[in-house]
Structures are given as structure tokens and as C-alpha cells.
Number of protein chains: 2
Amino acid sequence: MKKRVTLKQIARELEVSVSTVSKALKNSEEISRDTKDKIQAFAKLYNYRPNNIALSLKNKNTKNIGVIIPDIVHHFFTTVFRGIEQYAGKKGYNVMICVSDESFEKEVLNMELLANGSVDGFILSLSAETQERNDYNHIKEVLGQGIPVVLFDRVSKDVLCDKVILNDQEIAYEAVKVMIGSGKTKIALVTTENYFNVSSNRAQGFEKAIRDANLAFDENLILTLPYQSEGDELIRDFFESNTIDAVLCVNEIFAIKCMDVVQRQGKRVPEDISFIGFTNGILSKYSTPRLSTVAQHGERMGETAAKLLIDRIENDVDDNFRTEVISGTLIQRDSTIN
Amino acid sequence: MKKRVTLKQIARELEVSVSTVSKALKNSEEISRDTKDKIQAFAKLYNYRPNNIALSLKNKNTKNIGVIIPDIVHHFFTTVFRGIEQYAGKKGYNVMICVSDESFEKEVLNMELLANGSVDGFILSLSAETQERNDYNHIKEVLGQGIPVVLFDRVSKDVLCDKVILNDQEIAYEAVKVMIGSGKTKIALVTTENYFNVSSNRAQGFEKAIRDANLAFDENLILTLPYQSEGDELIRDFFESNTIDAVLCVNEIFAIKCMDVVQRQGKRVPEDISFIGFTNGILSKYSTPRLSTVAQHGERMGETAAKLLIDRIENDVDDNFRTEVISGTLIQRDSTIN
DNA sequence: TTGTAAGCGTTATCAC
DNA sequence: GTGATAACGCTTACAA
């Protein structure tokens, strides 16, 4: 087991000073051809690699970025992560990832942990609990220390930093308009609690589309499901006790579940009821019928977030924070009439 | 923007020495109550936190573990990752994650990057290309430097280290036996290239089950699909030109695709053809019909891998490497006859 | 052309 | 009870 070799060892071995070795390995002009050759050869032989930690301490940067997301087993987030990872990798950054599990406490803990020198900046999407409590002190703290943060998807106006979001309201508006265009008039919204900024924005787009089309806006046609729990009962009841011919769902799972319930009740999709979901994930592509959906372009979001962050890390720009808006794309499949 | 405060600053401010501050903050008995109180109060006020990087350099450990997986947008891997993250978090470790994208080169690069002091150990699942080339020098190198590595799922006998795998052969055997038990005799296998150890193991279990039941083993009933590309044509041809009444697929997507093709050809699932897939992912639960599948217990795999790794990091054990075998569970849904 | 020394933030050893 | 010093591995003025 040959441990990693250090400058000091090379220096001792070759009977030169540490700084000579350091310079030689950087091909410095200061050092003679001979010495450089000798040192470089030796270094190559022993496969010398500078120690990242020592470099970080010296340079006061880690070339790491911290990503904190609510859930990793989740198509949208992994997709964003892929975008981050790819861009960061190209720029020579590594990614440390922490999962908040939708918990405020874990989000805070993870941020504090990584903020103690482990990363040069953060990319994060707020946990459900954080959005519910509306407490962003941990983020402000980190920002106050001069560590840049980029928020994506689940963001808050209360935090001043760079952000990447979807045009949730507009694209929800579009989606509903499409369904209205195909003759639907009793349109429902299946959503989560309103403290999710994305849900609330989508709801606004939904309502606006209905009103703009002079359709009756009926509060009863909004089903709020508990985030990440079953709620199958609620769905059944909802579709039994209401007359509905089109549904917008704020995520893919809700859509799949609702389609399932409705089809079991003997209705045809899309003839009797059409569906549009959010998140163009794997489920949408393989459901029966295939689900029309709003693609959120997670990879692009991730890439954009990483770009904003690295920009700020490297160029220590001024305080005019940017918000990049990614345009969703409505992908029509078999759950809507084309 | 108040930067993080350091020991040195506290020392200067309070007119004591750095070492006194350090000790005081560790509540050392050496320091007087008074001094400690003063220093601790000050530290709390300025929210002092020790710098992780400096600690790493000093202690020669980073409390980071590196995870390298072929793909992040993939249910099984994210599931394993969640297990790793949870266990590691509990043990005070952070996780750095790199994606090899099924590329040998990226796998090597990522390992080298992180091996330069950034992590205390690795958990990794081999990329497709690495398995194909059968080149594991990068891993042996890292092991040679005394950095522990745990391989999971996609492993190789050529690397001596701790491993976590599924009982692929046995559970594939089980799955086929179940289909045989329900009267099926023309059983097909849909798989990937054989250099994937998991596919090859599952194929062995498949063959053994067929032979043990005294059924004819027909090479033609094995469809090898290109990993991660379409192959829809191949699937159609395969099911058109062969008489098949049951199918074992080495992953979920293959199963869903095949079910779809077969159903479009007018066959009923499971009456005419039954299906069992691997990876109890989200697709299986929501497909039509719901897919029977082998749960790989990714989370448990991840947790086990993390445990093996951290054990080795902290206890620098001897060279008797362990291989933990996770037992898959056959989950019967509607794509098989119960 | 090479070497010395200071510094990054921390801790541990030893001296006062 | 407190402080100076060295060390972790590396870089970079500055001396020699």
C-alpha cells in the first residue's frame, strides 16, 4: 500500500527544497531544465497529484458546489441534478449533494455543514417544510457570509439571490387554453398545498385561463392533495361528485393516479376527460393512455443554475440578482385531444 | 458581508493566543472558567464554526464519501443513493456524487479527481464501458493507495474489495419458476449485453430454471437489446416471429415496452403472455397492467454499501473483503397469474 | 537557479 | 492557566 506522495517526500528524496519541487512541477521558468526534468520524471514515476484539501485551504476555494434538494428519487430533481453535474464538471467543479427530505431541519443542517468551508456555493430547491414555515434565515445567513446561492424551481421572493424558475403561470394558462380549445368546459385542477410557490403559480394560470374564456370558475373543481401521500380516496370522491371533462395536474403522479381512477369509473380518456400533467417524466411516456404533459426542462434548469452560480463564484459580481425563466413546453400525447 | 470568523481573529480580538481559543472552545480543563466563558460567548456571538477544510488537512480525513454511478436519472441508482446518503448522514459523512454516464473515461477521471484528497472512500457501480473493457486499473490504483472502495450491483470479480450485490441468479430462477408454475412453457428472456454481470447472472438463473423444469431451452427465445437505446423494432420482430407465453426482463423499461408491443399485437397480459421485470420502480406500479417485478431493495443496498465503507474507513480492517448479498423480492402484480 | 519563510485554519505538544 | 511552536500539503514572495 503505497500512500500518495507529497511534495515534501519528493523534495527529501531528490535532495532539493519543497518550493523547488513545487515550481518544477508547474514548469516554472525559474528552475533549470535539468532539475525540472529530474523532478518531473520522479513525480510521474510516483504518480504525484497535488492534494485537493491543501489547495483548497491555500486558495480559499474548494471547487465544490453544494446541491440541496428535497428528494433524490424524483425524476424532476434528478434531471436538474444531471444538468448541474454536467455543467459543473465541464467547469472543473465537483458536486456535493444533500437531501433535505422535505424537512426544514435537515435543510438547515445540511447547509450549515457544507457552509463551513466545504463548498464555494449552493444550488437549492426549498423543502416543503421550509416553504410552509417561510423561514429563510439559514439561506440569508449563508448569503451574508458571501457564499453565493442559486434557488431553483421552489424559490421564494423573500430571499435575494439568483434564481431559476419555470414560467409556471403562463404554461399552466397555455395548457388550460388548449383543453378549452378542444371544447372542454368543466376543467378541474389537481394540486398540492398552496405554500408551494409552483403550485400557487400554476393555480393562478389555471384560474386566469378559465376566466379569460368566460367559463365559470368553480372552487369545487380544485382538488388539493396531500403532498407525497396516498389520497386515493380523495381522488375517487372528487371525480364521483363532480362533473369534469378536463383536468390539469401539477405533477405527473397525480395525473396518472387520476387517469387510473377515472378509467376505472368507466370514462374514456381523452374523449370524456382529458388530462395534462406537469413534469415530462418517464411515467408520462409509458402510461395508458400516454400523458400529455408540460416538460419542465430540468436539465436546462440545472445547467442554468450551475452557470449562474459559477459565474457568481468566479466573478464576484455585484448585487443585481438575476432570475432566469425557463419556458415549459406542452407535449401533447394521447390524454388530450389533438 | 461578514466573512466567517477564525480562531485567529477571535484570539486577536480577545487578546489571547490562538491555542487558548482552540482549547477554550473545546471546553478544555486547562483553561480557566473565566477565559472559557469569555471566549465561548464571543464565539457564539460571531457564530464561529471550525473550517472543515483546515480540519481535513489536519486530521487527514475529509468525512466525505465519493459515489460514482453510471446514471442519476435512474430509479434504481437514486434509490441506492438515498440509502447511502441516509446512512452516511447519520454517521457524519457527506456525499460527493459523480456520474460516469456509462463512460470508462469519465469514471476514471472522476475517481482520480476525488482520490486526490477529497474523499475518504468510494462507493461505485461500474459503467457499461468499464464492464465491457474489463479494465479496473483505476480502482486497483485507488485501493493501492489505501483508499477503500465498495462496489455495488455492477461489480467485478477482478477487483478485490467489499461488494454489495443482489442474488441475481437465484431470484431470476425464482421468477421463472413462478411462471412455469402457472403453466407457462415458452418463456423468453429480454436482456442486455452479457458483459453486465447482472444480466449474465440473471440469464444463468433463467436457463437453470428452464432446464430444471425439463423444458426445452431455446436460444432463440433470448432477445438481447442494446442498452439504453430504442430497439422497438427488435422487440416487435421478436414477438412476431416467436411463440412466447411468458417473459422475464432484466429491467423495468424493457418489460413495459414489451408489454406494450404485445398488447398492441392483440395479446392479453397475463392470460396469453405473462411478464416479470427487474427493478421495482415507479413504472411497474403504474403500468397497465401493473407489472410483476423483482424488487432490488436499492435503499438497503445503499445503506449496506455505506456501512461497509465507513466500517473500513474508520476501523482500517484487514484484507478479508466481504460481499453482502441482498435478496431480491418477487412482487406479484397483474402481469403474472397469481 | 535554488532555498527560506510565511501563510491558509486548525490542533497537539510542550514550555513557561 | 496560558502561549509558542510545529505540523498537515501546498504556493509564493522574497532571499541568497
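Residue numbering restarts at 1 for every chain, and letters A, B, ... go by the order of the sequence lines. Note that the structure is a prediction, hence the values are computed from the model and not measured.
A centroid separation of less than 6.0 Å is found between the aromatic rings of B:Y46 and B:F42.
Looking only at atom types and distance, the side chain of A:R49 has a donor-acceptor partner in the side chain of A:N47 under 3.5 Å away. With no hydrogens or angles considered, a side-chain donor-acceptor pair links A:S118 and B:N52 at under 3.5 Å. A:N137 and A:D135 share a donor-acceptor pair across their side chains, judged by distance under 3.5 Å alone. B:T304 and B:E324 share no donor-acceptor pair across their side chains, judged by distance under 3.5 Å alone.
You'll find that the side chain of A:K23 is closest to C:dT2, out of D:dC10, C:dT2, C:dC14. Checking D:dT12, D:dT2, C:dT11 against every side-chain atom of B:V18, the shortest atom distance belongs to C:dT11. For B:K60, whose side chain is taken as the heavy atoms from C-beta onward, the closest listed nucleotide among D:dG9, D:dT2, C:dT1 is D:dG9. In the set D:dT2, C:dT10, C:dG7, the nucleotide with an atom closest to the side chain of A:K58 is C:dG7.
The distance between atom CG of B:L25 and atom P of C:dG9, rounded to the nearest whole Å, is 15 Å. Atoms CG (A:N59) and C1' (D:dT12) sit 11 Å apart, rounded to a whole Å. As a whole-Å value, the separation of B:R12 CZ from C:dT10 P is 13 Å. Per the geometry, CD belonging to B:E30 stands 10 Å off P belonging to D:dT2, to the nearest Å. Atom pair B:I39:CD1 and C:dT10:P shows a separation of 14 Å (rounding to whole Å applied). Rounded to whole Å, the distance from CD1 on A:I31 to P on D:dA16 is 18 Å. Between the P atom of D:dT2 and the NZ atom of B:K36 lies a distance of 10 Å, rounded to the nearest Å. The distance from atom CD1 of B:I10 to atom C1' of D:dT2 is 17 Å, rounded to the nearest whole Å.
Between A:F77 and A:H74, the two ring planes are tilted [angle within 30° to 60°].
When heavy atoms are screened at a 4.0 angstrom cut-off, B:S22 is found touching base atoms of the nucleic acid. At a threshold of 4.0 angstrom between heavy atoms, the contacts of B:S32 are confined to the sugar-phosphate backbone, with no base atom among them. Within 4.0 Å (heavy atoms only), A:K26 reaches sugar-phosphate atoms of the nucleic acid but no base atom. Residue contacts for B:L7: at a heavy-atom cut-off of 4.0 Å it reaches a base atom on one of the strands shown. Using a 4.0 Å heavy-atom cutoff across all strands shown, A:S56 reaches no nucleic acid atom at all. When heavy atoms are screened at a 4.0 angstrom cut-off, B:R49 is found touching the sugar-phosphate backbone but no base atom.
Nearest-nucleotide positions on DNA chain D place B:S19 closer to the 5' end than the other of A:T6 and B:S19. Comparing B:V16 and B:L57 against DNA chain D, the residue whose closest nucleotide sits nearer the 5' end is B:V16.
In this structure, A:T20 does not reach the C:dT2 phosphate: none of its side-chain N or O atoms is under 4.0 Å from OP1 or OP2.
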